[in-house]
Amino acid sequence: MKKCLFAVLVCMMAGFGIAQAQLPAVTLKTIDGATVQTEALNNDGKPFIIDFFATWCKPCNRELSAIAEVYDEWQEETGVKIFAVSIDQAQNINKVKPLVDENEWEYEVLLDPNSEFLKALGGQMIPYVVVVDGKGNIVSKHSGYTDGAEDELIQEVRKLLAQ
């Protein structure tokens, strides 16, 4: 009996792991107010990065600005796309677009004011970055930012493309 229960538990855990490999279903808005279903995020079969931030988060802003400096090169080389997801609460959402414009970030910006998408992906602190392969599978997750960490991100994308 114990062996049977153990086998069932292992199978359930394996199934849960597979389910978590795909993006969760959460409804967000773009910076322009359009509705986006997160499970449908894609990059036409190429890898993409989801980077959670807030206007008040200094490490988040440093990370997105560091990526912005090399984003054109990354896109030209790999075709990677960045979705920057703000977790600013409703009362601060009006600060997101000015921050994006001021920094000239060319990312697709989504709004997650209740942090539903962040939590569904297992994130607890920001910056939180998720790398997704061209098939929509989550391949890695990272919390925090240190200068130069963006180099690790592009290396992950390059590895995905080499597979």
Side-chain angles (χ1 to χ4, degrees), residues 20-88 92-113 115-163:
Q20 290 298 313
Q22 297 287 313
L23 290 174
V26 178
T27 302
L28 301 180
K29 297 273 186 190
T30 67
I31 203 167
D32 298 320
T35 300
V36 174
Q37 302 299 325
T38 58
E39 71 275 18
L41 293 177
N42 70 74
N43 186 24
D44 297 323
K46 292 177 267 200
F48 60 95
I49 297 168
I50 302 168
D51 196 330
F52 289 89
F53 77 102
T55 56
W56 47 263
C57 173
K58 301 288 185 220
C60 301
N61 296 331
R62 281 198 338 262
E63 178 175 56
L64 287 169
S65 292
I67 293 170
E69 291 178 19
V70 292
Y71 191 43
D72 288 340
E73 296 165 26
W74 286 13
Q75 286 186 303
E76 189 174 314
E77 176 191 346
T78 67
V80 71
K81 180 176 186 175
I82 306 252
F83 292 94
V85 182
S86 167
I87 65 159
D88 282 274
N92 290 326
I93 281 181
N94 62 340
K95 296 177 181 177
V96 175
K97 187 169 179 9
L99 177 73
V100 170
D101 291 345
E102 175 186 325
N103 287 289
E104 298 178 354
W105 294 340
E106 296 180 10
Y107 315 124
E108 184 165 335
V109 179
L110 304 174
L111 305 173
D112 186 17
S115 299
E116 289 178 57
F117 191 35
L118 176 68
K119 291 173 190 168
L121 284 166
Q124 296 178 358
M125 61 177 263
I126 55 172
Y128 188 69
V129 178
V130 178
V131 179
V132 183
D133 70 12
K135 297 176 186 160
N137 299 307
I138 298 167
V139 295
S140 69
K141 300 174 183 180
H142 309 272
S143 286
Y145 174 72
T146 55
D147 292 337
E150 63 278 2
D151 296 332
E152 295 171 22
L153 283 178
I154 194 60
Q155 290 300 334
E156 286 187 57
V157 170
R158 289 176 181 136
K159 285 180 190 172
L160 290 172
L161 292 171
Q163 294 177 351

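For Y145, the side-chain hydrogen bond (donor to acceptor under 3.5 Å, both in side chains) partners two or more places apart in sequence, or in a different chain, are E150. Take K81 and apply the salt bridge (charged side-chain N to carboxylate O under 4.0 Å, His left out) test, not counting sequence neighbours, and it matches E108. Applying the side-chain hydrogen bond (donor to acceptor under 3.5 Å, both in side chains) criterion to T146, with sequence neighbours excluded, gives no partner residue. A search for side-chain hydrogen bond (donor to acceptor under 3.5 Å, both in side chains) contacts involving S115 returns nothing, not counting sequence neighbours. Taking the side-chain hydrogen bond (donor to acceptor under 3.5 Å, both in side chains) definition, one finds that S140 meets it with H142, E156, sequence neighbours left out.
Within the structure, disulfide bond (SG atoms under 2.5 Å apart) pairs that include any residue of residues 129-160 do not occur (at least two apart or interchain).
In this pair, F52 and Y128 present their aromatic rings tilted. The plane angle is within the 30 to 60° band.
Using a 4.5 Å heavy-atom threshold, the side chains of K97 and D101 count as touching. Residues L41 and L110 have side chains in contact (heavy-atom distance under 4.5 Å, counting atoms from C-beta outward). In this structure, the side chains of I87 and I126 come closer than 4.5 Å at one or more pairs of heavy atoms. Inter-residue side-chain proximity for Q155 and D151 is flagged as unmet; no heavy-atom pair is nearer than 4.5 Å. Between W74 and I49 the shortest side-chain heavy-atom distance falls below 4.5 Å. Residues V109 and D32 fail the side-chain proximity criterion, which asks for heavy atoms closer than 4.5 Å. A heavy-atom distance below 4.5 Å is not found between the side chains of T38 and V85. Residues L28 and L111 have side chains not in contact (no heavy-atom distance under 4.5 Å, counting atoms from C-beta outward).
Looking at every heavy atom in both residues, V139 comes nearest to V132 through CG2-N, 4.4 Å. Closest heavy-atom contact between G136 and Q22: O-OE1, 3.5 Å. Residues E63 and G144 come closest through the heavy atom pair OE2-O, 4.4 Å. Nearest heavy-atom pair across N94 and P98 is O-CD, 3.2 Å. Contact detail for P59 and P127: the closest heavy-atom pair is CB-CD, 4.0 Å. Contact between D88 and A54 at its shortest, heavy atoms only, is OD2-CA, 3.3 Å.
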task: Begin from the C-alpha positions of Q163 and D133 and carry the test side-chain contact (heavy atoms from CB on, under 4.5 Å) through to its verdict.
output: CA-CA 10 Å; Q163 294 177 351; D133 70 12; 6.0 Å; no
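Checking each of Y107, F53, F48 against F83 for a ring pair (Phe, Tyr, Trp, His ring centres under 6.0 Å) leaves exactly one that passes, namely F48.
Judged purely by atom type and a 3.5 angstrom limit, N61 uses its side chain to pair as donor or acceptor with the backbone of T55.
Atom-to-atom distance recorded for K29:NZ and S86:OG is 15.0 Å, nearest 0.5 angstrom. To the nearest 0.5 angstrom, T78 atom OG1 is 8.5 Å from N43 atom CG. Atom CG in D112 sits 7.5 Å away from atom CZ in F117 (nearest 0.5 Å). Taken from CG in L121 to CD1 in I138, the straight-line distance is 5.0 Å, to the nearest 0.5 Å.
In E106, the CD atom is not crowded: 12 or fewer heavy atoms of neighbouring residues, nucleotides or ligands sit closer than 6.0 Å. Surrounding NZ of K46 are more than 12 heavy atoms belonging to other residues, nucleotides or ligands, all under 6.0 Å away.
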